[in-house]
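First up is the structure itself, then whatever we jot down about it.
Excluded from the calculations below are hydrogen atoms, water molecules and symmetry mates; all remaining heavy atoms, backbone and side chain alike, are included.
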Amino acid sequence: MTIVSSDKDLMQLVRPGVVMLDAMKSKKIGRDEVIEKFGVPPDRVVDVQSLAGDSTDNVPGVPGIGVKTAAELIKEYADLDALLARAGEIKQPKRREKLIEFADQARVSRELVRLKDDVPDMIPADALGVRDPDPGELLGFLRVMEFNTLTRRIAEGLGAEPPAPVEVSVGSTVPTKARMQPGAEKAKSEPVVAESPAAGAAEAAAAAKAPFDRSKYETVTTRERLEAWIMKAYAAGRFAFDTETTSIDPMVAELVGFSMAVAPGEACYVPLGHRASSEAFDFGAHDGIVQIPVVEALALLKPLLEDPSILKIGQNIKYDLNVLAQHGINAAPLDDTMLMSYALDAGKGGHGMDDLAMRHLGHACMTFEQVIAHVPGKKKSERTFGQAPLDKATEYAAEDADVTLRLWMILKPRLAAERLTTVYETLERPLIPVIADMERAGILIDGAILSRLSSTFAQGVARLEEEVNRLVGHKFNLGSPRQLGELLFERLQLPGGKRTKSGQWETRAGLLDDLAANEEVPDDARRLINTMLEWRQLTKLRSTYTDALPSYVHGGSGRIHTSYALGATTTGRLASSEPNLQNIPIRTKEGREIRTAFIAAPGKKLISADYSQIELRILAHIADIPQLRKAFEEGLDIHAMTASEMFGVPVEGMPGEVRRRAKAINFGIIYGISAFGLANQLSIPKDEAAAYIKTYFERFPGIRAYMDSTRKRAHERGYVETVFGRRIHYPEINTKNPGVRGNLERAAINAPIQGSAADIIRRAMARMPGALAAAGLKSARMLLQVHDELVFEVGEAEVPNALRTVKKVMEGAALPVIALAVPIHVDAKAADNWEAAH
DNA sequence: CTAGACTCCTA
DNA sequence: GTAGGAGTCTAGT
């Protein structure tokens, strides 16, 4: 028999009548060649390998012993067992100690290296060979393995009907490992299924859905038990965990407990900062609560959390990462079930733990309310998890870790099966520590500027309020849109009143603008309207920005720490909250003042770097529009070029209004244009807007083709994709309701554009810390992201290098995966504050 | 005290 | 026409 392989692990099989053939080198491998390679005959190869180890196969062996030494030892002592038994006789002290210390590891290595020769139900050799597939068997297999696209394609190829999808759940028809052990009759037809790794995934999915039993969770209150759980985590190689704290804001949260799960249903809770509620009876110095001191517990957990070989699984793990960072723990590597769900199912529903548990496990999680209900006295808002009784806290916290682990067992294999591993691994997972660092970095605010602005705005507001009251003749609540609407359209009988869905008069700024420009409106009413608009602008700036922002300054750092949601939008964008730093004013002079309050720390500068026209460039790439590509290549004014193409007006000396309209159309295209929307935006009649769109499509037929094909794909497949393969689902897009369908179609047309831009900046962000470090930049920190802009804080001396590096990373972010057909341009500038840097 | 409507800030 | 978050008012609990 000849074994055709160059795998050295198979050399142990060489014996009289069995040789190998290395097909790469066309070389025969017999007994002599094995001795040449391992220094021992084939029947001792296993002993040598178990000593020398093999890093490619993760066989540890004995440290310090390679093939040469191993062969020498085996030749002298005959085999591994004899050698280990007599290890004490070895002369070289280092070698002797290693052999004694790592004897067990050598024995484990032997089990890893030795080929199993007792596999039941081996397929007879003559049953192997190329033959036509049995459609039923093949398609059944592919369906069970959830190779959905393959099933469909191969069914098409064979002209067969694809089998119905299999619902994976306990007690379903999905084969469990037990059921799949091939019996006598089945041995020939299904052997591959039994040994397939995918079958393991199906089995894991089934295990993940086993019933929940909260009474089985352990409350860990001793050092010994915690060590035992840590050992379980090491043995499993991965575990799910969750931190319990006093706040949803990780910057102020105090650690109250830690839960972990190592297998479905096998989870524990480690209370760390529980205290009796102040209104409860206090039975002694320790409040009657037994728990491991925080410092001690964290010292035990830190090596596990930081161990590069142990995977830490969390649900929204960025939160836990931030909490642990406050205690000097840098947890890695990480997986996040929320982000897995986001990569797999964006658009199909929420990605919160409760949503996911219900969707994938059919399980309703214990609610926070249920735990907090056991805290005596106090208003609900003042109760914290740390006051909850340990038994309830354990049920809740351990269940969270348990649920997280089970979700991971279900979602992880889906990533590969649905070809979304790259999306998750390049656009989601690497962002977790990067964003966590940005959040903890925060940004410095000049409180004096904000308070000065606040007073200025307040004075303006008071003046305008008086003015309005004088014009109206009686007091009314300027902040009430309803009262304003009634005043304008009922009492004053002004024309052009529209009602909202609920029948209220509409009073938004755009409508009031048009009203003020209307010649039928009397002068004093016009003055009232304009005063109201000014009043609204100032009150908005004051309440949302100058008054609100200082309340977010963190007591410890003196900076503002926003929170970025990684899985909140459907398109892949980030969302910022508490406070939202992605909507700081910029358009008006007064608003822009607020940006001057965002400053660099002493001795540093802020750098703002933003992508120029990124979405239009992506549109030019995806839809492949020659005129747009050319304009971007030549660095032309893209809106002026559009206007020129559409209206035949030369760019030189083009009226501002013409360019403004073209700009609105360009934006409209990105948003999935409608005549109604464009008419609204430009305050022009709907048929005029429709005519613009018609002209546009005539000049740029590729855009219409892109919009039509995207719409079609969305209807056929239920999702659209970014250029990097991120999927955005629209499960309701085939609805019969034309209004709703139109909305979804526009969203589906916009999503690949907005989403691709989001992917590009995500890629830039993922690479940024490494690139800054590689460029020798020690002081540079990334602070903010505003969709197409990144803000950095950099020591003054490093500014030129930082500008160069940041620009390079951002402009090259699509590479090497996508070479866009248009250049990507980034403007970057450094200054003392955000307004000046932008 | 909470939820929804309305408004307005950003890309 | 896309994607968000937040402040205020108002009605209902």
Minimum-distance pair of heavy atoms, taken over all atoms of Val720(A) and Ala714(A):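 The pair with the smallest heavy-atom distance is CG1-CB, 3.8 Å.
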Modelled atom types, side-chain donor and acceptor of Gln582(A) and Gln785(A), under 3.5 Å: yes
How is [X] classified with respect to the nucleic acid when contacts are heavy atoms under 4.0 Å: base, sugar-phosphate, or nothing?
X: Leu574(A); result: nothing
X: Gln681(A); result: base
X: Gly479(A); result: sugar-phosphate
X: Leu678(A); result: base
X: Thr569(A); result: sugar-phosphate
X: Thr570(A); result: sugar-phosphate
X: Leu541(A); result: nothing
X: Ala757(A); result: nothing
X: Ala664(A); result: base
X: Gln483(A); result: sugar-phosphate

Bounds of contact between DNA chain B and chain A, in 5' to 3' order, using a heavy-atom cut-off under 4.0 Å: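 The contact span of chain A on DNA chain B goes from dA5(B) to dA11(B).
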Step-by-step side chain to side chain donor-acceptor pair (under 3.5 Å) determination, Gln370(A) to Thr367(A): CA-CA 5 Å; Gln370(A) 283 173 280; Thr367(A) 66; 3.2 Å; yes
Toward the 5' end of DNA chain C, by each residue's nearest nucleotide, Arg573(A) or Ser577(A): Arg573(A)
Arg542(A) charged N/C atom sitting above Phe457(A) aromatic ring, 6.0 Å / 45°: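 No, Arg542(A) does not lie over the aromatic ring of Phe457(A).
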Trp505(A) six-ring face occupied by Arg482(A) cation (under 6.0 Å, within 45°):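 So Arg482(A) doesn't make the cation-pi contact.
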Side chain to side chain donor-acceptor pair (under 3.5 Å) assessment of Ser612(A) paired with Arg617(A): CA-CA 9 Å; Ser612(A) 157; Arg617(A) 287 174 201 258; 3.3 Å; yes
Start and end of chain A contact along DNA chain C [non-hydrogen atoms, under 4.0 Å]: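 Endpoints of the contacted stretch of DNA chain C: dG1(C) to dA11(C).
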Neighbour count above 12 (heavy atom, 6.0 Å) for Ile248(A) CD1: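 No, CD1 of Ile248(A) has 12 or fewer neighbouring heavy atoms, counting only those of other groups under 6.0 Å.
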Please list every donor-acceptor pair under 3.5 Å in which a side-chain atom of residues 676-693 of chain A meets a protein atom from a residue at least two apart or in another chain.
| unit_1 | atom_1 | unit_2 | atom_2 | d |
| --- | --- | --- | --- | --- |
| Glu688(A) | OE2 | Arg661(A) | NH1 | 3.3 |
| Tyr692(A) | OH | Arg661(A) | NH1 | 2.5 |

Lys694(A) bridged to Glu698(A) by N-O distance under 4.0 Å: yes
